[in-house]
Amino acid sequence: MTAARSTRDSQDADDFDVEEALALVKGTGPRASGEPGRAERAGPGHRGTDEAAAPAPGAQGDRGKGGHARHRSTPWPEARAAAGRAARSLPRRAPVQVPLDASLGLVLAAPLTALTDLPPFDTSAMDGWAVAGPGPWEVREDGVLAGHAEPERLGDGEAVRIATGARVPRDATAVLRSEHGRLDDKGRLHASVARTPGSAGPRGVLALAHGQDIRPRGQECRSGDQLLPPGALVTPAVLGLAAAAGYDTLAVVPRPRAEVLVLGDELLTEGLPREGLIRDALGPMLPSWLRALGAEVVAVRRLGDDAEALHRAITGSRADLVVTTGGTAGGPVDHVHPVLRRIGAELLVDGVEVRPGHPMLLARTREDQHLVGLPGNPLAAVSGLLTLAEPVLRTLAGRTAPEPYGLPLGEAVQGHPHDTRLIPVSLRGERAVPLHYNGPAMLRGIAASDALAVVPPGGARAGQELELIDLPWAAAGIDACLA
Ligand SMILES: Nc1nc2c(c(=O)[nH]1)N[C@H]1C(S)=C(S)[C@@H](COP(=O)(O)OP(=O)(O)OC[C@H]3O[C@@H](n4cnc5c(N)ncnc54)[C@H](O)[C@@H]3O)O[C@H]1N2
Ligand code: MOO
């Protein structure tokens with residue numbers, strides 16, 4: 001093993017705390033060994049929730065000695081489901097009418113119903129001549145271009161020059177493509193075709209079918225037809241269809257509003273780390289990622305470690321989803337739990353059985369507002385973003401969950417004894433290749449990755465198929481974050 005390799009391994013091993021490392025050696029998790037779990041270390045007093053709020057299993061709290069509510073972490077798949085459920089139970093925001101160019105990425109709140117027939121009139125599919133009856137035809141002097149008003153009707157045996165997309169004159173029976181027409185010395189038009197395609201040799205007579213190369217009015221839809229159901233995602237193709245069908249604005253589900261509160265006195269917004277201070281990695285990362293998840297980011301505030309400022313920011317926020325970073329564990333300046341208790345918030349998920357990111361939480365702060373508490377370690381924050389914030393935002397935005405998919409692992413991955421692991425992977429061919437530098441405080445792995453692989457408790461073998469969570473830019477390019 002090279003020195004470089006052993007450094008890397010020790011950095012990856014940063015993902016495991018002492019207790020987990022012991023559990024790996026002994027083959028027992030904290031629960032099996034009866035050791036206190038993280039819940040107890042994180043401090044007492046996690047607020048229980050009532051039945052109607054449908055908290056995730058585990059968030060409810062176990063009554064310990066002395067009646068203190070102690071929470072259990074929620075298994076990872078259930079935490080995701082609970083986050084989606086929490087958002088579904090909210091009153092729906094009223095649909096908004098948005099100009100076409102502002103509705104990309106939103107979801108239709110009403111069916112897209114054709115406001116016109118498409119095509120709206122009989123249209124020439126080719127450049128050539130509109131003809132009436134069998135040939136040869138007398139060619140009229142005038143011609144018909146796209147965008148012109150209704151042309152004069154054709155008499156039997158007449159032809160007129162026509163462009164692709166132009167209205168076909170009444171009583172025309174077909175369109176003859178320009179490459180299939182030949183004018184004789186009297187100026188009459190004949191339908192003919194080269195015997196050998198592409199050759200200038202002898203030509204044969206072409207039989208022109210009735211209606212050939214005419215797109216009849218209403219071929220694609222009739223006015224009033226449903227083109228797309230409510231809930232359809234507005235893609236570039238949908239924008240094109242909506243415009244063709246006569247729309248200037250669309251009724252869409254409004255973008256959920258998110259506000260980011262960055263906590264921590266140790267954070268610098270510029271320059272090099274110094275004197276125990278480090279750069280804030282989450283302030284620059286989260287807004288664009290939240291936008292890629294469908295949110296409108298209304299504010300990013302840096303609050304330091306100030307419980308009063310956090311209280312004011314949460315209670316004063318108009319956002320549908322408040323996202324805090326840091327301050328979720330039980331340290332002396334970890335203010336998220338105490339402030340949530342103070343405002344009477346309902347903890348729906350309080351800790352998740354996932355590494356990194358296990359101190360993440362989801363709370364209902366008001367009837368119409370949720371809060372996702374992301375752990376401060378940057379990769380742990382990504383884990384919380386994709387586990388809790390993504391389902392909340394997706395559901396508020398009216399989007400459906402992406403179809404789960406997986407790929408075989410390129411190499412074996414060590415598992416956590418009882419928690420799910422999310423690890424950055426690069427997709428190469430048909431394999432998900434685990435990346436190093438995947439410790440909770442590291443972004444080096446995920447910055448080079450295409451997806452996160454979901455590693456079940458106990459780990460995964462090389463070749464084993466694992467569920468993947470795509471990163472928005474891997475599927476759609478960096479523009480997915482610029483919307
Ligand atoms: N006694 C225990 N301590 C900790 C536990 C535990 O269970 N018991 N869990 C550890 C785990 S795991 C995580 S994750 C963190 C979560 O801590 P917090 O959410 O309270 O976050 P902080 O303490 O504020 O910060 C943790 C770490 O991350 C750095 N950080 C914070 N914000 C940012 C930012 N915006 N950009 C870059 N880095 C940031 C911060 O400086 C710390 O190094 O708790 C463990 N402790
Ligand atoms: O294990 Mo923590 O959640 O650093 O990520």
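Counting starts at 1 for both ligands and their atoms, following the listed order. Computation of the quantities below employed the complete heavy-atom set of this structure, encompassing side-chain atoms and omitting hydrogens, waters and symmetry-equivalent molecules. Just so we're clear, the structure is a prediction, and the values are computed from it rather than from any experiment. Nothing fancy with the numbering, it's 1 onward along the sequence.
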* Asked: In ligand 2, which numbered atoms sit nearer than 4.0 Å to a non-hydrogen atom of Ala380?
  -> 3 (O), 5 (O)
* Under-4.0 Å salt bridge between Asp320 and Arg93 -> yes
* **Sub-4.0 Å atoms of ligand 2 with respect to non-hydrogen atoms of Asn377** => 4 (O)
* Asked: When you measure from atom 20 (O) of ligand 1 to each heavy atom in Thr324, Thr328, Leu379, Leu277, which option holds the nearest one?
  -> Thr328
* **Lys/Arg-Asp/Glu bridge criterion (N-O < 4.0 Å) met for Glu266, Arg302** => no
* Going by the atom numbers of ligand 2, which of them fall below 4.0 Å from some non-hydrogen atom of Gly357? -> 1 (O), 2 (Mo), 3 (O), 5 (O)
Side-chain donor-acceptor contacts of residues 377-390 below 3.5 Å, not counting sequence neighbours, with atom names and distances?
from, atom 1, to, atom 2, distance (Å)
Ser383, OG, Pro356, O, 2.8
Thr387, OG1, Trp76, NE1, 2.9
Thr387, OG1, Ser383, O, 2.7
Glu390, OE1, Arg394, NH2, 3.1
Glu390, OE2, Arg394, NE, 3.0

* Report yes or no: does Pro375 have a heavy atom closer than 4.0 Å to ligand 2? => no
* Measure the spacing between CD of Glu430 and CG of Leu407 and express it to the nearest 0.5 Å. => 6.0 Å
* **Side-chain donor or acceptor of Arg461 paired with backbone N/O of Ala412 under 3.5 Å** => no
* To do: Can you sort out which atoms of ligand 2 are near His358, meaning under 4.0 Å from one of its heavy atoms?
  => 1 (O), 3 (O)
* Asked: Considering only heavy atoms of His358, which atoms of ligand 1 have at least one such atom less than 4.0 Å away?
  -> 7 (O), 12 (S)
* Any chance you could measure Gln414, atom CD, to His416, atom NE2, to the nearest 0.5 Å? => 10.0 Å
* Would Arg301 and Val260 satisfy side chain to side chain contact (heavy atoms under 4.5 Å, CB included), going step by step from the backbone distance to the final call? -> CA-CA 6 Å; Arg301 298 182 205 286; Val260 180; over 6 Å; no
* To do: Could you list the atoms of ligand 1 found under 4.0 angstrom from a heavy atom of Ala281?
  => 34 (C), 36 (N), 37 (C)
* From CA spacing to verdict: salt bridge (charged side-chain N to carboxylate O under 4.0 Å, His left out), Glu411, Arg428 -> CA-CA 12 Å; Glu411 55 190 74; Arg428 295 192 202 136; over 6 Å; no
* Value rounded to 0.5 Å, distance of CG in Leu347 from OG1 in Thr365 -> 10.5 Å
* Does Pro440 reach ligand 2 with a nitrogen or oxygen that is under 3.5 Å from one of the ligand's nitrogen or oxygen atoms? -> no
* Asked: Which atoms from ligand 1 have a heavy atom of Ile278 less than 4.0 Å away?
  -> 37 (C), 38 (N), 41 (O)
* From Ala329, Gly357, Gly264 - option closest to atom 46 (N) of ligand 1 by heavy atom -> Ala329
* Asked: Quick one: do Glu308 and Arg342 make a salt bridge, cutoff under 4.0 Å?
  -> yes
* Please step through side chain to side chain contact (heavy atoms under 4.5 Å, CB included) for the pair Leu435 and Val425, ending with a clear verdict. => CA-CA 5 Å; Leu435 297 174; Val425 291; 5.5 Å; no
* Asked: Looking at Asp280, which atoms of ligand 1 are within less than 4.0 Å of one of its heavy atoms?
  -> 34 (C), 35 (N), 36 (N)
* Check: Glu266 N/O within less than 3.5 Å of ligand 1 N/O -> yes
* To do: Under 4.0 Å from a heavy atom of Arg279: give me the atoms of ligand 1 that qualify, with their elements.
  => 36 (N), 37 (C)
* For ligand 1, note which part of Val333 has a heavy atom under 4.0 Å away: side chain, backbone, both or neither. => neither
* How many angstroms lie between CG in Leu452 and CG in Leu422, if you round to the nearest 0.5 Å? -> 5.5 Å
* Of all the atoms in ligand 1, which lie at a distance below 4.0 Å from a heavy atom belonging to Asp334? -> 20 (O), 23 (O)
* To do: Pull out every atom of ligand 2 sitting under 4.0 Å from any heavy atom of Pro359, numbered as shown with elements.
  => 3 (O)
* **Option of least heavy-atom distance to atom 24 (O) of ligand 1 (set: Pro359, Gly327, Ser383)** => Gly327
* Flag Gly376 as yes when one of its N or O atoms lies below 3.5 Å from any N or O atom of ligand 1, and as no otherwise. => yes
